[in-house]
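Along the sequence shown, residues carry numbers from 1.
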Amino acid sequence: MPATSVRSHPPARLALLVAVLAVVVLALLVPLFAAPAANLAPRDLPVAVAGPPPVAGELADRLAAARPGAFEVTTLADAAAADRALRDRQVYAAFVAGPDGVTLHTAPAASPTVAALLTEAAGQLSGGRPVPVVAVVPADPDDPRGAGFAAGFLPFAMASLLAGALLVLLVRGRVARVVGLLAYAVLAGAAGAAVLHDWLGVIGGDRLAEAGAIGLFALAAAATVTGLGALLGRPGIGLGALLVFLVGNPLSAVSAAPELLSQPWGAVGQWLPVGAGGTLLRATAFFDGAGGGTALAVLAGYAVVGLLLTLLARGAAPSPAAVEPGEARPAAVAA
């Protein structure tokens, strides 16, 4: 009896299915990317109020009443304590009460967007009068709004996703894949620091530390894709792309701050590679590593798990294009 063949979809029906699927994906991706940006607002944003206890307490009460739920206020003794908290990334800004009124101390390097929002809030508290602003930890002078930092970080996620996928699709050996991941991390760190620090000038910390932060992020992102691809095959590559880019990028808050996103999404983004990578690079470039401990641990975890999956998983084989000429191919199973 001749084998029955599977009837394929007519071209017009298949084209319609592709169009419908693309629209469904579009309908999901647009709010995923647009909603976080459209709903930026402070939510339990860490700020400080510094000054004598009666004055600082009154200022903290006014701040809480003006924007309920917007700020998590810490009361400090004086301007020196406030500046230490800013350099340690414990707060984004400090309202310092002095003999001449309130002065706003900011850390634009932590988030230029937050610094601008708090400058506006300080003006509201002072009844519309200009409030002196002191940038304790300024952004890089070549990138005062932080746009270059945010835009320059996105290609690292895209390149890492591509590197991880290609290692699964084109490289056969598990050890060879690990070698490729480690080589990519070292080269990406060196190239990233050279471009962002020396060429574009959007970061200004220690070059070696910056290269290490970029390289660790590149390894974490690429190893996640490669490890999942090694474990699950092509669906694993798709899952890795989801974690690294499609979900991780809009929730990363690289261009803003996690506390400006709707919760819990701002916190979730910091447990994904792009959010943790942006936080670690910012901490390394502007704060001598302060505030980057959790991000460092998150990225190290992704890197280790990805490398272990790449070494131990047996479920994935490279695409036929990766089989070298002359190698035996598995025999097709007869129908």
Side-chain angles (χ1 to χ4, degrees), residues 45-48 79-80 82-94 104-119 132-160 185-221 249 252-260 270 273-300:
L45 187 74
V47 299
D83 290 350
R84 284 195 299 272
L86 285 167
R87 294 190 180 96
D88 292 340
R89 296 199 75 183
Q90 297 174 355
V91 296
Y92 282 93
L104 179 65
H105 291 208
T106 64
S111 172
T113 302
V114 169
L117 287 173
L118 291 174
T119 301
V133 177
V134 177
V136 178
V137 189
D140 193 282
D142 292 330
D143 186 31
R145 295 180 179 84
F149 180 94
F153 197 76
L154 176 61
F156 293 118
M158 299 173 65
S160 300
V186 172
L187 295 173
V195 172
L196 293 180
H197 187 120
D198 298 310
W199 184 4
L200 300 179
V202 299
I203 54 177
D206 179 79
R207 288 179 179 81
L208 185 60
E210 291 166 351
I214 295 170
L216 180 58
F217 163 67
L219 177 61
N249 184 60
S252 67
V254 171
S255 61
E259 294 84 359
L260 297 186
Q270 295 303 295
V274 179
T279 296
L280 180 61
L281 181 57
R282 196 181 291 279
T284 303
F286 300 109
F287 295 90
D288 293 327
T294 299
L296 177 64
V298 169
L299 292 175

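Using a 4.5 Å heavy-atom threshold, the side chains of Leu104 and Val134 count as separate. Thr106 places none of its side-chain heavy atoms less than 4.5 Å from the side chain of Val137. Side chains of Phe286 and Asp140 form a contact here, defined as non-hydrogen atoms less than 4.5 Å apart. Side-chain contact between Pro46 and Gln90 is absent, with no heavy atoms from C-beta onward closer than 4.5 Å. With contacts defined as side-chain heavy-atom distances shorter than 4.5 Å, the pair Val202/Asp142 does not qualify.
Atom-to-atom distance recorded for Leu45:CG and Leu118:CG is 5.5 Å, nearest 0.5 angstrom. In this structure, CZ on Phe153 lies 6.0 Å from CG on Leu281, to the nearest 0.5 angstrom. Note: Asp198 CG to Glu210 CD = 8.5 Å, rounded to the nearest 0.5 Å. To the nearest 0.5 Å, atoms NE2 (His197) and CG (Asp206) are separated by 8.5 Å. Between the CD1 atom in Ile214 and the CG atom in Leu196 there is a gap of 5.0 Å [rounded to 0.5 Å]. For the atom pair Leu260 CG and Ser111 OG, the distance stands at 6.0 Å (nearest 0.5 Å).
Inspection of the Thr279 and Gln270 side chains reveals an N or O donor paired with an N or O acceptor under 3.5 Å.
Cation-pi check for Arg282 over Phe287 is not met; the charged atom does not lie both under 6.0 angstrom from the ring centroid and within 45 degrees of its normal.
A salt bridge does not link Asp288 to Arg87: none of the charged side-chain nitrogens sits closer than 4.0 Å to a carboxylate oxygen.
Across all non-hydrogen atoms, the minimal contact from Leu296 to Leu216 is CD1-CD2, 3.4 Å. Counting all heavy atoms, side chain and backbone alike, Ala213 lies closest to Thr284 at CB-OG1, 3.9 Å.
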>> Applying side-chain contact (heavy atoms from CB on, under 4.5 Å) to Val274 and Phe217, what does each step give before you reach the verdict?
In response: CA-CA 8 Å; Val274 179; Phe217 163 67; 4.1 Å; yes
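Here the side chain of Thr113 pairs a donor or acceptor atom with the backbone of Ser255 at under 3.5 angstrom.
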